Amino acid sequence: MSIENSLKNKIIDAFKKLNVSLSEQDIVIENSRSPEHGDYATNVALKYASRLGKKPIELANFLKGNLDMSEIDHIEIAGPGFINFFIKNDAINSIVKKIILEGDKYGHGEDKHKKINVEFVSANPTGDLHLGHARCAAVGDSICRLYEFAGYDVTREFYVNNAGNQIRTLGLSLDIRLRQLHGEKIELPDDSYHANDIIDIAKQYDKEFGKDYKVGDAKCLAHLTEYGMKAELKKIEKDLELFRTKFDIYSFETDVRKDHHVEDVLKNKFSKYSYIQDGATFLRTTDFLDDKDRAVIKSDGSFTYLMPDIAYHLIKLSRGYDQLIDVLGADHHGYINRMKSALMMQGYSKDVLEVELVQVVRLIKDGEEVKMSKRTGTGVSLRELCEEVGVDATRYFFVSRAASSHLDFDLNLASEQSSNNPVYYAQYAHARISKVLETAKDIKIDLDAPLLKEKKEMDLLKLLIEFPKLIEISAPKRAPHMVATYIQSLAAAIHGFYSECRVIDRDHLDVTSSRLALMKASQIVMKNALSVLGVSAPDKM
RNA sequence: GCGCUCAUAGCUCAGCUGGAUAGAGCAUCUCCCUCCUAAGGAGAGGGUCGGACGUUCGAAUCGUCUUGAGCGCGCCA
C-alpha cells in the first residue's frame, strides 16, 4: 500500500472514534510543498470540523492524538487546521526496493477491464501528413500508451475517408500530372493538389500503367485514383511507423458504405429522427445536443460525410468498446455535438464518445512563423520534422503541453542538442545514471537503501513515490502532458541529487550501496515515464 | 449573432478532486568541474493569475457577467 493510502486509512480509523465513517475518496492527502509542512498534509480537519460542530484546530488535535503512528515520525498542526505528517525515513526509502523489483511494471495500473478505442490522425490519403497531423499522432499515440500503462485495453484506429471529394480531387490532380508527363500542355487548377508527391506518384503510375491510360475514360481514372490513394496511404503508414505510431485497425469509408448498408442503418435506426426538407434528408440532432439539424442525404441522393461517419461509429461500438475516443483538430469542434447526438439516438450515453481536441501548431524558425500548406507543397511534413529534429524531440515537444493549448514549435530549440532542449535534459539524466551504474557495477546494490537521508535524496524519493498516482490521474484525463511535466521535475531531481551527492565512494560503500539503489530506481521510473510518451531512454549521450 | 477553445513572469507554458509563500524552461545577471557525463548544479531579478462580482474558513482553480484572441456555425469532409 502506498504511504498516501496508508495515511488515509489511519484517518478513517480515527474518524470512526467520532462515529463518522469516511471513505478514501473523502480524504485529500497532498504532498507538502515546503519542508516545514512535512512530507504530506491533509485538510480533513478543515473540511469536516463544521459538520461535527468543532473548531478545525480542535478536530485536528483530536485526530493527531488518535492516529496509528506507524510509519509516521511526528505530526504537526499548522495554520487554520492543516495536519502535517512527517514520515519516517525508512518508510519512504522502502519505495526503492519496490521499484527495482517491479522494474518496467512500476507505475503500471491494475487491469481496469475497460476496452477503449482511440481513433486519431485519420488523415485523408491525399498527401503527406502535415504539422497538425503530427501533433495529433503524438498526442493520440501517447494517450494510448498512457491508457495502456494505466491498465486499459486499447485499440488504435485510423479511419480512411476515401469516398469523398478529396479523393476525387486526388484523382483529377493525378490525371493532369499524368497528362503533363505525356506532353500535354495543361495547367493544374488552383483547387487541385499541387504537392510534388502527386507528380512522383503519377510518374510511378506512368511506368506501370501509363501506356494503357486513356484520357477521359472513367475506368482509367478510377484505377488511377485508387492507385494514388493506396500509394498515399502507404506513405502515411510508413511515416507513422517511423514516428513510433502503429495502428491496430485501418477502417475505410468505402467499406463502411459497401458492407454496412448505410441506407439501412438510416432507415432502420434513425427513421424516428429523420425528416425530408427541400429534397434532402435531415437528422433531428437538435432533439439532443446540437444547435442545428444536420443533413445526412443531399437532394441529389448522395450521403453527406456525416451519415457514413455515424454508421462507422456504431460499427465501432458494436465491437464492444466501453469508450470511444476521437482525437481531432480543434477546427472540428462543431462536429462533436452532432455525433454525440446521433449516438444518443441509439440509446448511448453522451459520454460514450469523448473527443480530444488538439489545438493548432505554429512552427517557429529563427523567431518567425513557418507557414505550411499541403496544397502548395511548401509545408513541413511529419517526415521532414522527424528527419530534422528527430523522433524523440518531435514527440516530446508535441505532448509537452496540454492538447487544448496552442503550441509554438520552436524548430531551433527542438533540434538543438543542448541543455536548452527539455528532451535532452531528461534523456541526459537517464544516460548519466546508466554511466554511474556501469562504473559501479562491481559494487553491491542495497535494495533497502537505509542510508538515504539528504534533502536531495528525499526530494527524489518523493517524486518516485508519486509516479503511480500520476499515471492513475493523468490517464482518464487523457493528459500525457502531465507525464511530460513530471519527467522534467524528475530529471531536475536526478541532476540535483547527482551534483550534490557523490554516488560512488569506495571509502563508504554502505552509503554507495544505498545511493546506487536510488539511482537504479530513478532510472527505472525515468525510463517508464519516457516510454509512456514514446520517447527513448538512451544509456549514452 | 450563436457555439467551442483559450487568457498565469519579457517569451513559451505547468499548476492534480478548491488549500498554507503561484512554479518550470527560455531570455538577463552571479557563482561552481584536481571529483561518477558541465547536454549539469547553486543562486538573483522578474507576477494586480485579462477584468468585475459571487460561493467558501480559503479561489489561478468553482459560478455569473465582461473584455480580448483563435476556431466553428454548408445539401464540404
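Residue numbers begin at 1 in each chain, while the letters A, B, ... track the order of the sequences. Computed from heavy atoms alone, side chains included, the values below leave out hydrogens, waters and symmetry copies. Given the structure is predicted, the values throughout are model-derived calculations rather than measurements.
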Quiz item: Taking A:S32 for the side chain and A:H37 for the main chain, is one N or O donor matched with an acceptor at less than 3.5 Å?
Solution: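 A pair under 3.5 Å: yes.
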
Self-check item: Side chain A:D408, main chain A:I364, donor-acceptor under 3.5 Å
Solution: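 Not a single qualifying donor-acceptor pair exists.
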
Quiz item: Which sits closer to the 5' end of RNA chain B, A:T485 or A:R432, going by the nucleotide each is nearest to?
Solution: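 Result: A:T485.
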
Quiz item: Given that A:A41 and A:V28 both sit by RNA chain B, which one's nearest nucleotide is further toward the 5' end?
Solution: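 This one resolves to A:V28.
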
Under 4.0 Å, heavy atoms only, any strand: does [X] hit a base, just the sugar-phosphate, or nothing?
| X | result |
| --- | --- |
| A:Q359 | sugar-phosphate |
| A:L407 | sugar-phosphate |
| A:H37 | base |
| A:K441 | nothing |
| A:E24 | nothing |
| A:A78 | base |
| A:D26 | nothing |

Under 3.5 Å for both donor-acceptor distances, Watson-Crick or wobble: does [N] have a partner, and if so which one?
| N | result |
| --- | --- |
| B:rC33 | none |
| B:rG1 | B:rC73 |
| B:rU64 | B:rA52 |
| B:rA24 | B:rU12 |

Taking [M] as the reference, what is the distance to [N] when you measure between their [atom1] atoms (whole Å, please)?
| N | M | atom1 | answer |
| --- | --- | --- | --- |
| B:rC29 | B:rG45 | C1' | 8 Å |
| B:rU48 | B:rG72 | C1' | 34 Å |
| B:rA22 | B:rG50 | P | 15 Å |
| B:rU64 | B:rG3 | P | 12 Å |
| B:rG68 | B:rA77 | C1' | 31 Å |
| B:rU30 | B:rG46 | C1' | 16 Å |
| B:rU28 | B:rG19 | C1' | 34 Å |
| B:rC4 | B:rA42 | C1' | 46 Å |

Quiz item: Does a salt bridge link A:K316 with A:D326, judged by any charged N lying under 4.0 Å from a carboxylate O?
Solution: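 Yes, this pair counts.
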
Self-check item: Salt-bridge contact A:R284-A:D293 (side-chain N to carboxylate O under 4.0 Å)
Solution: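 Looking at A:D293 together with A:R284, the answer is no, because their closest N to O distance does not fall below 4.0 Å.
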
Atom [atom1] of [X] and atom [atom2] of [N]: how far apart are they, to the nearest Å?
| X | N | atom1 | atom2 | answer |
| --- | --- | --- | --- | --- |
| A:I57 | B:rC57 | CD1 | C1' | 11 Å |
| A:E58 | B:rC57 | CD | C1' | 15 Å |
| A:D410 | B:rC11 | CG | C1' | 10 Å |
| A:R135 | B:rG70 | CZ | P | 18 Å |
| A:N84 | B:rG19 | CG | C1' | 11 Å |
| A:N337 | B:rU5 | CG | P | 10 Å |
| A:N31 | B:rG19 | CG | C1' | 14 Å |
| A:K477 | B:rA14 | NZ | P | 13 Å |

Quiz item: Does B:rC33 fall in syn (glycosidic angle within 90° of 0) or anti?
Solution: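 What B:rC33 shows is a syn base, its glycosidic angle lying within 90° of 0.
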
Quiz item: In the 5'-to-3' direction, what one-character label does each nucleotide of nucleotides 71-77 of chain B receive under the scheme B = base within less than 4.0 Å of a protein heavy atom, S = sugar-phosphate only, - = no such atom?
Solution: BSSSBSB

[X] side chain: which of [options] is closest?
| X | options | value |
| --- | --- | --- |
| A:H406 | B:rC13, B:rC57, B:rA39 | B:rC13 |
| A:A431 | B:rU12, B:rC16, B:rU37 | B:rU37 |
| A:I504 | B:rC36, B:rC4, B:rU37 | B:rC36 |
| A:H481 | B:rG15, B:rA38, B:rA42 | B:rG15 |
| A:K540 | B:rA42, B:rU12, B:rU37 | B:rU37 |
| A:Y425 | B:rU37, B:rG41, B:rC36 | B:rG41 |

Quiz item: Relative to A:Y498, does A:R432 satisfy both conditions: NZ or CZ under 6.0 angstrom from the six-membered ring centre, and within 45 degrees of the ring's axis?
Solution: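 The answer is yes; both the distance and angle limits are met.
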
Quiz item: Looking at A:Y152, does the NZ or CZ of A:K112 lie under 6.0 angstrom from its six-membered ring centre and within 45 degrees of the ring axis?
Solution: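 Output yes; distance and angle both within limits.
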
Quiz prompt | A:K435 vs B:rU37: side-chain N/O to OP1/OP2 distance below 4.0 Å | solution =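 Looking at the OP1 and OP2 atoms of B:rU37, one of them is under 4.0 Å from a side-chain N or O of A:K435.
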
Practice problem: Using only side-chain N and O atoms of A:S405, determine if any of them is under 4.0 Å from OP1 or OP2 of B:rA14. | Solution: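 For A:S405, the contact criterion (side-chain N or O under 4.0 Å from OP1 or OP2 of B:rA14) is met.
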
Quiz item: With A:H495, which residues qualify under ring pair (Phe, Tyr, Trp, His ring centres under 6.0 Å), at least two apart?
Solution: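 Partners of A:H495 by the ring pair (Phe, Tyr, Trp, His ring centres under 6.0 Å) criterion, ordered by chain and then number, come out as A:Y425, A:Y428.
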
Quiz item: How many angstroms lie between OG in A:S434 and NZ in A:K520, if you round to the nearest 0.5 Å?
Solution: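 Output value for this atom pair is 8.0 Å.
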
Quiz item: OG1 of A:T42 to CG of A:L63: how many Å apart, nearest 0.5 Å?
Solution: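 Answer rounded to 0.5 Å: 8.5 Å.
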
Quiz item: Should the ring pair A:H74 and A:F86 be called parallel, tilted or perpendicular, given that the plane angle runs from 0 to 90° and is split at 30 and 60?
Solution: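 Answer is parallel, since the angle falls under 30°.
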
Protein and nucleotides 58-65 of chain B: nitrogen or oxygen contacts under 3.5 angstrom:
none

Return the set of residues passing salt bridge (Lys or Arg N to Asp or Glu O under 4.0 Å) with [X] (not counting sequence neighbours), or none when no residue passes.
| X | value |
| --- | --- |
| A:K469 | A:E4 |
| A:D442 | A:R506 |
| A:E438 | A:K441 |

